[in-house]
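Below is one structure, written out as structure tokens; the observations come after it.
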Amino acid sequence: MALHLSSLFLRTLREDPVDAEVPSHRLLVRAGYVRRVSPGVYTWLPLGLRVLRNVERIVRDEMDAIGAQELLFPALLPKEPFEASGRYAEYGDNIFRLTDRKGAGHLLGPTHEELFTLTVKDLYSSYKDLPLALYQIQTKYRDEARPRAGVLRGREFVMKDSYSFDVDAAGLDKSYQLHRDAYVRIFDRLGFHYVIVQAMAGAMGGSKSEEFLATAEVGEDTYVRCTSCGYAANVEAVRVPAPDAVPFDGLPASHVEDTPATPTIETLVDHLNERFPRDDRPWAAGDTLKNVIVMLEHPDGTREPLAIGIPGDRAVDEKRLGAQVEPAEVVAFDEVAFSQNTALVKGYIGPGALGTDGASGIRYLLDPRVVEGTRWVTGANEPGRHVLDLVAGRDFTADGTIEAAEVRVGDACPNCEHTLETARGIEMGHVFQLGTKYAEALGLKVLDQNGKLVTVVMGSYGVGVSRAVAAVVEGNHDASGIVWPRELSPVDVHIVATGKDEPVFVAAEEVARDLEAQGLRVLVDDRKGVSPGVKFKDSELIGVPTIVVIGRGLAEGKVEIKDRRSNERREVPRDEVVAAVVREVRGG
RNA sequence: CGGGGCAUGGCGCAGCUUGGUAGCGCGUCCGCUUUGGGAGCGGAAGGCCGCAGGUUCGAAUCCUGUUGCCCCGACCA
């Protein structure tokens, strides 16, 4: 039965809702797809629900096609599994927690690694049962600090999450690739531009992770991409290409110089240019080695200082640093901490005092650019003094390297000889090699061919289903409203009946019936006494890709077919309209 | 958690400075006219002005407190 606008539970808004900033939010509310209930919590109205179901259908199709099996976990979960995995504490305020009448703790599931792991452990115990892939499409809950942009970032949202279980890493690679391929098909069908970026695999077990980002100005994720080769990565995941080590034969010996009142890179560079001018070029910030001390706080509450050496022209990127030291948190290295370590001279810290073997005993990690043979000006660990011509590998070493320096537009691509630029996107999907983190924590093991217990290797894979609805609108709208890709549109055809002549409405119903007989889904604007302008505006706002206008031309046996995206209209004889529309919908 | 802003019919807003019968546009309902780009005229319904105190003869308006919401940032498998 066709939907009829005269009775459909829908009210379009002529004006923009005041709280909606991004286009998708504005349009989904104005066109009557969603209504806000509370911050980050939305009702799906009939048209919106149809779109949401369409996204689910596509996801389901492609998951089933790779042999993943659908199941459904509760959203209301006991807290114990999350305590076992350590995430009850780790997730912090982002979990919705509640207590039942007996005082037992529960939570609303933010994600389901634990439950999948435990359920597989419950039922399976042999390598013969693997590989296995399970998925669910389910409502998730996260008490986001700041929900925003309508359903783009909600506190309640629909997500498809799936998990793969393999007996070894090679199996995981296969499962991962299967999922990745399925995701490519899903996002192609959803109809938006996206990039696949390398992401952080996390501290434990995982070895590979990629995110599917819908390219969008309003996106919350910044990523970098190569201007030439197709490389794309999250800022956190960018690997700085380390230059080759250079021989240090013949380089001058290091020498300590007085550099009074030069606690910052800027003052130091000025001083160098004044007192120790170079022959070839002026000193620049990039000639200096900046040593930054931070404090790490581990999950168990212990604290550990960490020194990071990076070229002086770069800042430490907190996100990149945070991703590197996960699960530890980065906190400020404050005055108190400084005063407790007498080997540190603020503003003049140099490699000489750093490292687990150095005077300070602080672990020291270097930016990958600081390779053997490079010469630096850096602190001499005395007030007002710096060392010049300090050569990495000859005069100092560190405990390792770390990717913590900011990534800048124009930096070298790790993959080719070109440079990087930044762009923004919306995270739509994530494929992730979990490894054994959860299997280990929750004891998921199977017997292998030799009768030995081995820990199962897992992957996790997510698609933001409700978010996809908003992301698709971000990429598919114009000044008048939404322009749905065919597979997502709430219906295939929107029939607009204009005028007051009864034959027009009769014809609209006949066409609707015939189109439905051909298997198309139809919406009829059968409202009486509503002016044509209103109906045209509404049809454009709602965004069904094919609009059939039945009105004044009917007297001459003509109706109009309009393409929402191109705005092209053509008149066809009344008798041919069904065939023409079917062709257009199926072909397009 | 930091910064900024806003709470007045379903939606968008004015009124507040200078206290005195709560208003406008859209939407909704009734009648007549109109019907290819958000129609016209006439009539109508609908609001404890976020909440709680206070000042005052009198508070949407002034004062105090409080709650909620929105935007930016921090945060975010």
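Residue numbers start from 1 in every chain, and the chains themselves are labelled A, B, ... in the order their sequence lines are given, proteins ahead of strands.
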P-based separation of B/rC51 from B/rA7 [nearest Å]: 14 Å
field: Under-3.5 Å donor-acceptor pair between A/K562 side chain and B/rG37 base
entry: yes
- request: From the options B/rG36, B/rU35, B/rC72, select the nucleotide whose nearest atom is closest to the side chain of A/K500.
  value: B/rU35
- line: ring pair (Phe, Tyr, Trp, His ring centres under 6.0 Å) filter on A/H430, not counting sequence neighbours, yields A/F432
query: Quantified in whole Å, what is the P atom distance between nucleotide B/rA22 and nucleotide B/rU18?
result: 22 Å
A/L130 CG to A/D168 CG distance, which is reported to the nearest 0.5 Å: 9.5 Å
task: Return the nucleotide paired to B/rG46: Watson-Crick means purine N1 to pyrimidine N3 with N6-O4 or O6-N4, wobble means G-U with N1-O2 and O6-N3, both under 3.5 Å.
output: none
message: Under 4.0 Å, counting only non-hydrogen atoms across every strand here, what does A/E113 touch: a base, just sugar-phosphate, or nothing?
response: nothing
- prompt: Does B/rG73 pair with anything, Watson-Crick or G-U wobble, both distances under 3.5 Å, and if so, with which nucleotide?
  reply: B/rC1
Touch class at under 4.0 angstrom, heavy-atom based, for A/R155 against every strand present: nothing
Quiz item: A/D16 side-chain donor-acceptor pair to B/rG12 base, under 3.5 Å: no
- prompt: Does any nucleotide pair with B/rG23 by Watson-Crick or G-U wobble geometry, both distances under 3.5 Å, and what is it?
  reply: B/rC13
- prompt: Whom does B/rA59 pair with, Watson-Crick or G-U wobble, provided both distances fall under 3.5 Å?
  reply: none
B/rC69 versus B/rU33 - spacing of their C1' atoms, nearest Å: 44 Å
- prompt: Which is true for A/R569 with a 4.0 Å heavy-atom rule: it touches a base, it touches only sugar-phosphate, or it touches nothing?
  reply: base
- line: Regarding the side chain of A/P532, the nearest nucleotide among B/rG36, B/rC72, B/rG38 is B/rG36
query: Does a distance-only test, which skips hydrogens and angles, find a donor-acceptor pair under 3.5 Å between the side chain of A/E540 and the base of B/rG37?
result: yes
query: Within the structure shown, what part of the strands sits under 4.0 Å from A/T498 by heavy-atom distance: base, sugar-phosphate, or nothing?
result: base
statement: On RNA chain B, more 5' by nearest nucleotide between A/K537 and A/G429 is A/K537
field: Spacing of the C1' atoms in B/rU28 and B/rG46 (rounded, Å)
entry: 9 Å
message: Regarding A/D538, tell me which of base, sugar-phosphate or nothing describes its non-hydrogen contacts under 4.0 Å with the strands shown.
response: base
- prompt: When rounded to the nearest 0.5 angstrom, what is the spacing between CG in A/L10 and OH in A/Y33?
  reply: 8.5 Å
B/rG31 pairs with, by Watson-Crick or G-U criteria that keep both distances under 3.5 Å: B/rC41
field: Span that lies between the C1' atom of B/rG65 and that of B/rG47, in whole angstrom
entry: 25 Å
field: B/rU35 OP1/OP2 closer than 4.0 Å to side-chain N/O of A/S531
entry: no
- prompt: Where each residue is assigned the nucleotide of RNA chain B containing its nearest heavy atom, which of A/R142 and A/N567 is assigned the position nearer the 5′ end?
  reply: A/N567
message: Let's see if you can work this out: which of B/rG38, B/rC69, B/rC13 has an atom nearest to the side-chain heavy atoms of A/V18?
response: B/rC13
query: Between A/H179 and A/Y183, how do the two ring planes meet: parallel, tilted or perpendicular, split at 30° and 60°?
result: perpendicular
field: Between B/rU61 and B/rG20 - P atom distance, rounded Å
entry: 11 Å
query: Is there a Watson-Crick or G-U wobble partner for B/rC6 with both distances under 3.5 Å, and if so, which one is it?
result: B/rG68
task: Establish whether the base of B/rG2 is bridged to the side chain of A/R146 by a donor-acceptor pair shorter than 3.5 Å.
output: no
- prompt: How far does the C1' atom of B/rC41 sit from the matching atom of B/rG36, given to the nearest Å?
  reply: 23 Å
Distance in Å, A/T119 OG1 paired with A/L134 CG, rounded so as to fall on 0.5 Å steps: 8.5 Å
field: Inter-nucleotide C1' distance (B/rG3, B/rA74), Å rounded
entry: 11 Å
- prompt: Does the ring centre of A/F73 sit less than 6.0 Å away from the ring centre of A/F116?
  reply: yes
message: Taking any heavy-atom pair under 4.0 Å as a contact, classify A/K528: base, sugar-phosphate, or nothing.
response: nothing
message: Quick check on B/rG12: is either OP1 or OP2 less than 4.0 Å from any side-chain nitrogen or oxygen of A/R14?
response: no
Whether over 12 other heavy atoms sit under 6.0 Å from A/K558 NZ: no
- prompt: What nucleotide among B/rU35, B/rG38, B/rC11 has an atom nearest to a side-chain atom of A/R35?
  reply: B/rC11
